[in-house]
Amino acid sequence: MLFKGFKGNSFFNRIDFWFVLIIFIGIILRFSRINDFDNPYYTATSYSILKSWKNFFFVSSDPLGIVTVDKPPLAFWLQAVPIYIFGPEKWAVNISQSIMGVSVIAILYRLIKPTFGRVAALVSAIIIAVIPASVIIDSRNEPDSLMMFLLLCSTVCMIKSVRSDSVVWLLFFGLLMGLAFNTKMLVAFIPLPIFYLYYFFARNESFLQNLKHLVLVSILLFLVSFSWIFFIWLTPPENRPWIGSTSDNSIWTLVIDYNGFHRFEGFLGRPPHNPPPQNLPPQNLPPQ
């Protein structure tokens with residue numbers, strides 16, 4: 001009786017209560033374990049970058065600013081905000097990833113529903129909400145949750161660009177892809193060829209017109225992606241921390257090898273017998 005008379009396009013008729021339930025499940029699964037786990041290496045990084053502006057910019061993994069972390073800065077800058085406000089509690093360290101994880105569920109639902117329908121959107125949302133890998137990553141301080149959030153937002157912008165024939169949405173796509181690169185480097189570029197192929201074949205424009213647009217967005221993507229990398233590269237080694245997880249103190253080794261081809265070695269053949277640990281600072285320190 002309470003809602004009698006609400007008809008047509010009323011608020012309650014437009015709510016997908018199954019979707020609300022899935023979001024609730026996603027929230028419970030992620031926030032119920034937010035104090036259980038974290039990556040101590042990344043926690044130390046998010047805390048140490050608050051010690052000085054130099055540590056903040058170079059993303060030093062230690063308070064003295066001797067070694068950088070093995071990832072680009074964006075996820076740690078985001079994690080530092082709740083740590084600055086609430087202190088280095090586990091829930092403060094992990095909360096931004098949990099928020100990103102829940103947001104991914106909602107974005108995926110809205111992304112799939114217009115094309116494939118409500119049922120497909122609900123199935124996709126419940127899978128990403130409960131799949132163990134997603135729940136684990138979203139409830140600890142790994143950079144993957146932010147990267148997935150940015151990649152899905154990039155997908156939304158690419159689709160809107162094609163459907164509306166808008167270069168503005170395409171530029172937003174390039175901006176978000178560049179930010180995703182600054183979350184986990186070359187791993188974020190895995191879907192990039194698919195995005196470009198989609199733009200070529202989905203738009204009813206000439207080859208040269210599409211190529212011109214993709215060159216334009218590629219320039220923006222390149223500038224956003226490598227702006228921090230180039231600054232690190234141009235900074236003399238004696239004026240910055242050692243580049244973590246490298247043996248030669250080169251930012252390009254971190255980009256191309258450690259966070260690039262090294263991530264795909266398992267698909268190319270047998271991994272090395274004694275792979276270096278990936279969650280610890282490197283042992284190679286600058287000469288004293």
Side-chain angles (χ1 to χ4, degrees), residues 23 26-27 29-31 33-34 37-50 56-59 61 68-86 88-111 125 128-129 131-158 172-192 195 221 224-229 244-245 254-255 258-260 263 278-279:
I23 290 291
I27 291 173
L29 289 176
R30 285 153 180 81
F31 284 86
R33 63 193 305 277
I34 199 169
F37 304 98
D38 71 327
N39 185 325
Y41 178 33
Y42 291 157
T43 301
T45 300
S46 299
Y47 184 70
S48 71
I49 65 176
L50 295 173
F56 182 85
F57 183 80
F58 290 107
V59 202
S61 61
T68 72
V69 75
D70 63 351
K71 295 293 185 295
L74 191 58
F76 305 102
W77 289 347
L78 183 64
Q79 291 171 21
V81 175
I83 294 175
Y84 178 77
I85 298 173
F86 302 107
E89 304 291 339
K90 278 190 178 180
W91 69 267
V93 171
N94 296 334
I95 191 170
S96 58
Q97 288 70 236
S98 296
I99 294 173
M100 294 297 103
V102 174
S103 301
V104 162
I105 301 171
I107 295 171
L108 187 64
Y109 172 84
R110 294 299 302 168
L111 191 61
I128 200 68
I131 193 169
S134 179
V135 174
I136 292 171
I137 287 296
D138 294 342
S139 53
R140 53 184 292 159
N141 58 328
E142 306 286 344
D144 302 70
S145 299
L146 178 60
M147 184 183 70
M148 287 299 299
F149 172 78
L150 291 170
L151 288 179
L152 272 180
C153 290
S154 299
T155 305
V156 172
C157 292
M158 174 58 79
F172 276 123
F173 162 81
L175 172 64
L176 291 169
M177 284 294 297
L179 294 177
F181 177 89
N182 280 290
T183 303
K184 209 169 179 182
M185 293 186 174
L186 287 179
V187 176
F189 282 177
I190 292 176
L192 190 58
F195 283 135
L221 192 157
V224 175
S225 297
F226 290 94
S227 56
W228 182 78
I229 302 294
S245 298
L254 188 68
V255 174
Y258 186 79
N259 285 315
R263 300 292 168 178
Q278 297 184 18
N279 61 339

Taking the side chain as C-beta and beyond, is there a heavy-atom pair between L111 and V156 under 4.5 Å?
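Side chain of L111 against side chain of V156, heavy atoms only: contact under 4.5 Å found.
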
Taking the side chain as every heavy atom from C-beta outward, state whether I107 and C153 have any atom pair closer than 4.5 Å.
yes

Closest contact, heavy atoms only, [X] versus [Y]:
{"X": "F76", "Y": "V59", "value": "CD1-CG1, 3.9 Å"}
{"X": "D70", "Y": "L254", "value": "O-CD1, 3.7 Å"}
{"X": "A80", "Y": "S46", "value": "CB-O, 3.9 Å"}
{"X": "S154", "Y": "L176", "value": "OG-CB, 3.2 Å"}
{"X": "G244", "Y": "T68", "value": "N-OG1, 2.8 Å"}

Going by ring-ring contact (aromatic ring centres under 6.0 Å, His included), name the residues that satisfy it together with [X], two or more places apart in sequence or in a different chain.
{"X": "F37", "answer": "none"}
{"X": "F58", "answer": "none"}
{"X": "F149", "answer": "none"}
{"X": "F189", "answer": "F181"}

Can you sort out the partners of [X] under side chain to side chain donor-acceptor pair (under 3.5 Å), two or more places apart, ordered by chain and number?
{"X": "Q97", "answer": "Q79"}
{"X": "N141", "answer": "T43"}
{"X": "S139", "answer": "R33"}
{"X": "R30", "answer": "S134, D138"}

Atom [atom1] of [X] and atom [atom2] of [Y]: how far apart are they, to the nearest 0.5 Å?
{"X": "T183", "Y": "L74", "atom1": "OG1", "atom2": "CG", "answer": "4.5 Å"}
{"X": "I23", "Y": "S103", "atom1": "CD1", "atom2": "OG", "answer": "8.0 Å"}
{"X": "M148", "Y": "I128", "atom1": "CE", "atom2": "CD1", "answer": "5.5 Å"}
{"X": "F56", "Y": "S48", "atom1": "CZ", "atom2": "OG", "answer": "11.5 Å"}
{"X": "L179", "Y": "L221", "atom1": "CG", "atom2": "CG", "answer": "9.5 Å"}
{"X": "I105", "Y": "L29", "atom1": "CD1", "atom2": "CG", "answer": "8.0 Å"}

Return the set of residues passing side chain to side chain contact (heavy atoms under 4.5 Å, CB included) with [X] (not counting sequence neighbours), or none when no residue passes.
{"X": "V81", "answer": "I85"}
{"X": "P82", "answer": "F86, A92, I95"}
{"X": "F195", "answer": "T155, M158, F173, M177, P191"}

Salt bridge (charged side-chain N to carboxylate O under 4.0 Å, His left out): pairs with one or both residues in residues 141-158, sequence neighbours excluded
R140-E142, D144-K184

Evaluate the side-chain contact (heavy atoms from CB on, under 4.5 Å) criterion for residues I49 and V69: first the C-alpha distance (whole Å), next the side-chain angles of each, then the deciding distance (0.1 Å), finally the verdict.
CA-CA 10 Å; I49 65 176; V69 75; over 6 Å; no

Please step through side-chain contact (heavy atoms from CB on, under 4.5 Å) for the pair W91 and F31, ending with a clear verdict.
CA-CA 9 Å; W91 69 267; F31 284 86; over 6 Å; no

Go through the steps for L186 and N259 under the test side-chain contact (heavy atoms from CB on, under 4.5 Å), then give the verdict.
CA-CA 6 Å; L186 287 179; N259 285 315; over 6 Å; no

